[in-house]
Amino acid sequence: MLLTLTGHSFRFECENLCRVFFPYSPVRVPEEPEEPAPGESWAETRVVQEPSGGWCYTVRASDGRDVAERQTTSPELAEYPLTRLLYEVLSGLTGISPAWGMLTGVHPVKLLRQHVERLGFESGAEDYQSKWLVSPARVDLAKRVLSAQKEAVDCLSPQSFSLYVGIPFCPTRCAYCSFISQDMQNAKKLVEPYLRLLHQELERTAQIAEELDLELVSVYVGGGTPTTLSPEQLEALCGKITSLFSFGRCREFTVEAGRPDSITPEKLLALKDAGVTRISINPQTMSDRVLENIGRRHTARDVEEAFALAQSLGFEDINADLIVGLPGDDFPGFQETLDRVLGLGPSSVTVHSLALKRSAAMVTEEADLSLHKRPRETAAMVDHSIRRLTGAGFEPYYLYRQTRMAGNLENTGWAKPGCVCRYNIYTMDESGSVIACGAGGTSKLKDPYSSNLKRVFNFKFPFEYISRHQEILERKDQVKEIYEQFCQRLH
Ligand code: SF4
């Protein structure tokens with residue numbers, strides 16, 4: 001798609017909106033005037049100041065066949081009038097009314113919270129809907145999420161923080177994965193040095209938390225697949241975490257067991273003995289054929305056995321991740337997946353819409369993306385998950401979106417009452433601070449006295465994490481400095 005910008009600098013949001021309507025044609029924004037190729041979709045956006053001092057906004061666009069044009073005026077030069085006009089023109093041309101309306105960001109619930117804080121719950125939600133043109137069904141979902149988060153968000157204090165610990169190793173690499181994870185065949189020799197340095201980073205983090213008088217409220221060990229580690233390595237890691245940090249106010253300790261092919265009784269026992277309260281066992285689908293399509297080397301039966309094993313060892317809080325839009329899956333297949341997973345008795349279920357980043361093998365190998373290109377069927381599956389999970393007593397409690405997502409939908413975490421994962425709320429909704437250790441981790445430090453959020457990144461790859469570890473420790477000092485700045489601003 002060809003996008004031209006004249007008289008303004010609102011490129012980022014204009015590009016994002018074009019992608020919503022034309023998700024499979026890369027958006028080009030040429031420096032020099034350029035004609036669209038025959039049949040190519042295009043949009044011209046123009047802002048001109050009028051003699052009266054006001055601003056005139058014009059959008060002309062084509063889907064490659066028809067052309068539409070509209071104009072509006074505003075006393076201000078601002079992004080919103082232009083993007084709303086672009087949205088209306090593209091929606092009219094394509095006949096598409098996106099579920100999330102004009103919203104292209106990853107945190108739609110965070111935005112709803114801002115409206116609600118300003119105007120109250122119902123009026124804030126109405127304002128959100130009419131300003132961003134969000135569908136009634138998605139406004140309802142976002143309102144339910146906001147309500148389900150309330151207790152976890154309200155109990156945060158300025159001292160609260162969550163700890164994220166990254167284990168960037170997996171048994172093998174899934175075809176849809178864009179995460180920087182090393183498969184164990186290639187990375188075995190990195191694991192021990194990685195863990196040694198991770199323990200050092202945890203020590204430095206605990207020291208900083210103590211110096212700043214911070215209170216740990218949740219722990220999440222994710223990846224990758226943390227259960228690629230041996231029982232001894234898991235025991236040492238979890239033991240390190242519990243010995244370094246005070247767990248007096250910590251409400252949950254999650255370890256993402258993830259792939260059932262990495263789970264053994266010895267590993268689960270090590271987690272249980274270390275005080276882990278919540279685990280995740282992620283089927284993604286219960287169709288063996290689809291599992292094979294996406295390169296997961298386990299079967300639906302392995303998922304059932306892993307659940308039964310974890311439950312027999314006393315784990316009551318178990319999450320199951322599912323993905324909508326996988327190649328080879330269809331509506332009846334997804335219905336069956338959801339029914340079988342609910343039959344396993346999870347306390348929470350996360351329904352992801354497949355998002356394909358360019359680094360995923362499925363994209364680079366141009367494998368079967370047919371379902372990804374059938375947005376109606378994907379949307380029907382997501383709608384089914386909303387009805388089925390609601391009927392089974394689950395409430396949506398966190399929600400986020402990604403780019404290149406099947407059907408331009410969302411990922412939603414559902415939990416039985418009392419079983420929300422606080423860490424997911426704090427990190428996905430950016431409502432609480434997270435300090436991250438390990439490769440691929442990002443610390444998100446929320447100013448307790450304003451809506452400011454600062455990020456400190458760790459290196460993504462285990463190799464860099466190991467070879468440049470001194471820098472990782474120095475970045476922990478940045479975490480401390482940022483907290484000190486937050487406090488200084490208050491005084
Ligand atoms: S288990 Fe998750 S992180 Fe690991 S390869 Fe598969 S999708 Fe990627």
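Quantities reported herein were computed from a predicted structural model and do not represent experimental measurements. Just so you know, ligand 1 is whichever comes first in the structure, and atom 1 is the first atom listed for that ligand.
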- Task: Report yes if some heavy atom in the side chain of Val109 is under 4.5 Å from a heavy atom in the side chain of Gln149; otherwise report no.
- Result: yes
- Query: Gly223: heavy atom below 4.0 Å from ligand 1, yes or no?
  - Reply: no
- Query: Do Thr350 and Asn319 have side-chain N/O donor and acceptor atoms under 3.5 Å apart?
  - Reply: yes
- Item | Proximity flag Asn282 to ligand 1, non-hydrogen atoms under 4.0 Å | no
- Message: Please enumerate all residues that pass side chain to side chain contact (heavy atoms under 4.5 Å, CB included) together with Glu210, with sequence neighbours excluded.
- Response: none
- Nearest heavy atom to atom 1 (S) of ligand 1: which of Thr228, Ile294, Thr225 does it belong to? Thr225
- Face-on cation placement of Arg475 at Phe459 ring, 6.0 Å and 45° thresholds: yes
- Task: Provide the number and element of each atom of ligand 1 under 4.0 Å from a heavy atom of Arg259.
- Result: 1 (S), 6 (Fe)
- Query: Is it true that some N/O/S atom of Cys174, main chain or side chain, lies under 2.8 Å from atom 4 (Fe) of ligand 1?
  - Reply: no
- Query: For Phe457, what residues pass the ring pair (Phe, Tyr, Trp, His ring centres under 6.0 Å) criterion, not counting sequence neighbours?
  - Reply: none
- Item | Contact atoms of ligand 1, heavy-atom distance to Gly224 under 4.0 Å | 3 (S)
- Note on the structure: The atoms of ligand 1 lying under 4.0 Å from a heavy atom of Thr172, numbered in the order shown, are 5 (S)
- Taking only non-hydrogen atoms of Arg296 and a 4.0 Å limit, the atoms of ligand 1 in range are 1 (S), 6 (Fe)
- Query: Can you find a pair of side-chain heavy atoms, one from Tyr398 and one from Cys421, that are under 4.5 Å apart?
  - Reply: no
